[in-house]
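Let me give you the structure first, and then I'll get to my questions.
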Amino acid sequence: MKNSSTTSGPKKVTTKVIAAMKKEKNRIACLTAYDYITARLLDQAGVDLILVGDSLGMVFQGHETTIPVTMDEMIYHAKVVVRAVDRAMVIVDMPFMSYQANDEEGFRNAGRIMKETGAGGVKFEGGERIANLVRMTVRAGIPVIGHLGLTPQSIHQFGGFTPRGVTPAEAKQIFKDAVALEKAGAFSIVLEKIPASLAEKITKSIKIPTIGIGAGMHCDGQVLVVSDILGLNEDFHPRFIRRYARLAETIRQGVSAYVKDVKEEKFPNKKESY
Ligand code: KIV
């Protein structure tokens with residue numbers, strides 16, 4: 001079955017719905033959102049999963065990496081997104097150093113996200129290394145998505161944004177990580193910038209859905225950063241992004257027209273006044 005059924009009806013997306021989508025070969029559509037208006041539009045358009053990604057550090061705050069993002073900032077954006085959404089499941093990224101020091105701290109921070117935002121689950125970067133934390137979190141009733149491959153919180157260790165899992169050793173480790181996340185109870189795994197063949201092997205080997213970003217067409221779902229698909233970020237052109245709109249140009253044109261009207265005293269007119 002193809003995606004059409006996900007956009008009809010008010011059915012709230014839950015972990016059960018996501019699991020069923022893999023079984024039914026119904027692809028999962030995921031996008032990021034960081035604000036109320038965008039989240040509302042995404043939900044109305046039938047997006048299944050909305051990720052309040054720590055990519056907001058780059059997209060919303062203008063940082064070079066996701067590293068500076070804090071728990072308080074994630075909670076602020078997650079609350080705003082949850083308020084906007086009726087159908088999609090909202091997942092919140094655990095920011096850098098909210099779970100790396102020890103499992104107890106990660107567990108408590110995941111609980112804080114759930115209590116303070118009303119989100120449906122959290123996402124951690126890592127595989128075998130975080131398996132115990134995932135187990136503790138899931139045991140407490142918190143749905144978890146794992147994230148493997150080019151995990152942006154390790155960007156300084158990787159030394160750049162090049163694809164991961166290209167060498168046999170790294171591919172083997174990513175595969176083991178995916179199996180460890182499934183065993184630990186994660187309900188889905190994001191696979192970022194890895195070869196399509198590796199993503200296919202993982203997708204076919206585990207029962208939980210994979211969601212790819214730059215990981216080819218065999219994943220059970222796809223995720224992209226919303227500003228990338230809408231053409232708001234004109235300087236970013238990696239090959240895994242497809243642009244579905246050119247909003248940067250639309251916004252510039254609209255704002256220039258407004259500025260011109262104000263300067264030329266054409267706005268407001270009589271009908272626009274009281
Ligand atoms: O932070 C983010 O937006 C993400 C996705 C791009 C997967 O982790």
Side-chain angles (χ1 to χ4, degrees), residues 18 27-35 38-39 42 47-71 73-78 80-81 88-100 110 113 117 119-127 130 134 143-156 158 161-165 174 177-178 181 186-194 199 202-203 208-216 219-230 232-233 236-243:
I18 296 293
R27 294 286 204 227
I28 300 157
C30 177
L31 281 173
T32 63
Y34 321 114
D35 69 275
T38 310
L42 264 48
V47 168
D48 303 305
L49 277 179
I50 295 182
L51 174 67
V52 185
D54 60 354
S55 52
L56 69 84
M58 300 166 82
V59 177
F60 187 87
Q61 299 174 333
H63 292 297
E64 300 240 313
T65 70
T66 60
I67 304 290
V69 179
T70 66
M71 274 290 292
E73 287 165 350
M74 290 309 299
I75 286 171
Y76 172 85
H77 286 276
V80 164
V81 168
M89 182 170 190
V90 178
I91 299 295
V92 183
D93 255 343
M94 297 296 294
F96 182 60
M97 287 316 292
S98 67
Y99 62 98
Q100 282 89 346
I113 296 247
T117 71
V122 297
K123 174 163 82 58
F124 297 109
E125 295 184 8
I130 58 152
V134 172
V144 171
I145 295 188
H147 186 161
L148 298 172
L150 181 66
T151 44
Q153 291 173 14
S154 303
I155 199 65
H156 294 304
F158 296 150
F161 287 92
T162 50
R164 311 306 305 175
I174 293 174
D177 284 337
L181 286 171
F187 78 94
S188 178
I189 303 176
V190 168
L191 298 175
E192 180 159 354
K193 240 179 168 181
I194 62 169
I202 293 171
T203 302
I208 57 173
T210 58
I211 300 179
I213 170 164
C219 296
D220 300 302
Q222 298 291 329
V223 57
L224 284 172
V225 169
V226 67
S227 47
D228 293 338
I229 70 154
L230 296 180
L232 276 165
N233 186 358
F236 192 51
H237 301 283
R239 76 158 94 147
F240 63 86
I241 290 173
R242 187 179 295 176
R243 276 200 189 145

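Atoms within each ligand, like the ligands themselves, are counted from 1 in listed order. Note that the coordinates shown come from a computational prediction; the quantities given were computed from them, not determined experimentally.
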With a 3.5 Å distance limit and no angle check, can you tell me whether Q222 reaches the backbone of G216 through a side-chain donor-acceptor pair?
yes
Which residues pass the salt bridge (Lys or Arg N to Asp or Glu O under 4.0 Å) test with D220, sequence neighbours left out?
K22
Would Q153 and Y99 count as having a side-chain donor-acceptor pair, cut-off 3.5 Å?
yes
Donor-acceptor under 3.5 Å (Q61 side chain, M58 main chain):
no
I'd like to know if the side chain of R27 and the backbone of C219 have a donor-acceptor N/O pair within less than 3.5 Å.
yes
For ligand 1, find each of its N or O atoms that sits under 3.5 Å from a protein N or O atom, and tabulate the pairs with distances to one decimal place.
unit_1   : atom_1 : unit_2 : atom_2 : d
ligand 1 : 1 (O)  : D54    : N      : 3.2
ligand 1 : 1 (O)  : D54    : OD1    : 3.1
ligand 1 : 1 (O)  : S55    : N      : 3.0
ligand 1 : 1 (O)  : S55    : OG     : 3.3
ligand 1 : 1 (O)  : D93    : OD2    : 3.0
ligand 1 : 3 (O)  : S55    : OG     : 2.5
ligand 1 : 8 (O)  : K123   : NZ     : 3.0

Check whether the side chains of T210 and T203 place a donor and an acceptor atom closer than 3.5 Å, and report yes or no.
yes
